[in-house]
Visitor: 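Handing you a structure now.
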Amino acid sequence: RIDVLLFGDDGAKKDNMVLIEVKQWTDVKATENDGNFVETYVGQRSRVVPHPAQQTKGYAEYLKNFIKEFSGEHPINLFSCSYCHNYTKKADEGLFAGKYEDLLKEYPVYGKTDLTELAGKIKALLSMGHGFEVFNRFMQSAVEPSKKLLENTAKIISNEPVFSLINEQIVAKNLIW
């Protein structure tokens with residue numbers, strides 16, 4: 001489930017939606033596993049779970065594949081990120097290990113010392129208000145497969161990998177393969 005959705009206008013007549021995944025994690029280890037996984041303490045024990053940026057990527061791609069307002073002539077811009085409010089950023093460790101570098105460029109993770117940076121990003125995207133109007137566009141949007149989704153379906157039929165799995169789907173895939 002998505003934790004936070006915020007809506008608004010950036011002042012350049014661009015409608016924006018901000019998706020934020022919130023984590024309480026304090027200690028995270030990068031894993032050796034293929035894919036974007038981390039090891040952290042959740043559910044009263046240490047577990048291997050998807051990296052928060054992988055989670056937000058999955059949510060973003062799911063929304064873009066089915067919500068018509070994310071495509072077309074004047075699409076809603078979707079910015080997706082994670083906020084780990086108890087996590088201290090350590091260069092090249094944990095959530096910021098080198099193996100996650102490409103993922104973090106597109107789906108940033110903010111730690112407890114990054115609140116000002118996150119607030120600045122949200123302000124830049126939503127500062128002109130109009131959140132209710134953008135929210136209504138999103139909620140009233142047609143839900144249908146996007147052209148890109150249909151193209152990806154054709155690729156799947158041809159055995160080409162194209163989808164990003166989310167949460168437990170990633171763990172299940174790795175257990176099966």
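Just so we're clear, the structure is a prediction, and the values are computed from it rather than from any experiment.
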Visitor: Side chains of Glu39 and Ser46: do they bring a donor and an acceptor to under 3.5 Å?
Guide: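 The answer is yes; a qualifying pair exists.
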
Visitor: Can you name the closest pair of heavy atoms from Gln24 and His85 and give their distance?
Guide: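 Closest heavy-atom pair between Gln24 and His85: CG-NE2, 3.6 Å.
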
Visitor: Name the orientation class of the two ring planes belonging to Tyr100 and His51 (parallel below 30°, tilted from 30 to 60°, perpendicular beyond 60°).
Guide: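 If you compare the ring of Tyr100 with that of His51, the planes turn out tilted.
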
Visitor: NZ of Lys14: more than 12 outside heavy atoms within 6.0 angstrom?
Guide: yes

Visitor: Think Lys90 forms a cation-pi with Tyr87, using NZ or CZ under 6.0 Å from the six-ring centre and within 45 degrees of its axis?
Guide: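 Ring-cation test returns yes.
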
Visitor: Check for a donor-acceptor pair, side chain of Lys89 on one end and backbone N or O of Leu95 on the other, with a separation under 3.5 Å.
Guide: no

Visitor: Hey, are the side chains of Val134 and Asn16 touching, using non-hydrogen atoms and a 4.5 Å cut-off?
Guide: no

Visitor: Given salt bridge (charged side-chain N to carboxylate O under 4.0 Å, His left out), test Glu21 with Lys23 step by step and report yes or no.
Guide: CA-CA 7 Å; Glu21 176 65 22; Lys23 298 291 186 198; 3.0 Å; yes

Visitor: Whether the side chain of Ser141 engages the backbone of Lys68 through a donor-acceptor N/O pair (distance < 3.5 Å, no angle test) should be reported.
Guide: yes

Visitor: Under the ring pair (Phe, Tyr, Trp, His ring centres under 6.0 Å) rule, collect the residues that match up with Tyr110, sequence neighbours excluded.
Guide: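 Listed in chain order: nothing, the list is empty.
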
Visitor: May I ask you to test the Asp27-Tyr41 pair for a side-chain heavy-atom distance under 4.5 Å?
Guide: no

Visitor: In Å and rounded to the nearest 0.5 Å, what is the CD to CG distance from Gln55 to Leu19?
Guide: 10.0 Å

